[in-house]
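Counting starts at 1 for both ligands and their atoms, following the listed order.
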Amino acid sequence: MTIAAPKVLVVEDNDMNMQLVEYLLEEGGYEIVKASSGEEALSITRDSESPAPDIILMDIHLPGMDGLSVVREIKSDERMRGVPILALTAHAMRGDKDRFLEAGCDGYISKPIDVKTFLSSIEQYLRK
Ligand code: MN
């Protein structure tokens, strides 16, 4: 019997970053669902037919709706409230971290992504 791979929703508009994240998550045995905009992410999380992801990685700088607005929308959805969201950001400075947490993020991963610590960061939030 196999245990279902945890499902990660990745919201990222940059192809290079998305490819790297996809590669690392697949190596780690995760199932990945990709969205390249906030609008696309919301259509995925609002689809009550498909099971909620186990964790969400959210780029903050997105075309159209910005990442923190998307986080607020997702966290206002009762079905998604308990799903951890990690911000993906190149601007993880002290003030920004507060803004992310206030918007409903559970933590953040700094870009450029550190390939050595990426999977353990995700595991840490999945266990909470
Ligand atoms: Mn971006």
Q: Just so I know, are the side chains of Val10 and Met18 near enough to count as touching, which here means a heavy-atom distance under 4.5 Å?
A: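 Of all side-chain heavy-atom pairs linking Met18 with Val10, at least one is under 4.5 Å.
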Q: Quick one, Tyr30 with Leu24, criterion side chain to side chain contact (heavy atoms under 4.5 Å, CB included). Give me CA distance, side-chain angles, the key distance, then yes/no.
A: CA-CA 9 Å; Tyr30 290 93; Leu24 293 171; over 6 Å; no
Q: May I ask you to test the Glu12-Val21 pair for a side-chain heavy-atom distance under 4.5 Å?
A: no
Q: Show the nearest heavy-atom pair for residues Ala103 and Leu68, with the distance to one decimal.
A: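 Of all heavy-atom pairs spanning Ala103 and Leu68, the closest is CB-CD2, 3.9 Å.
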Q: Sub-3.5 Å donor-acceptor pair from the side chain of Arg79 to the main-chain atoms of Asp47, do we have one?
A: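 Yes; judged by distance alone, with no hydrogens or angles, the pair exists.
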Q: Does a side-chain heavy-atom distance below 4.5 Å link Leu62 with Ser37?
A: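 Of all side-chain heavy-atom pairs linking Ser37 with Leu62, none is under 4.5 Å.
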Q: Counting only protein atoms, how many N/O/S atoms are less than 2.8 Å away from the Mn ion (ligand 1)?
A: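 Step by step: take the Mn ion (ligand 1), keep protein N, O, S below 2.8 Å, and you get 3.
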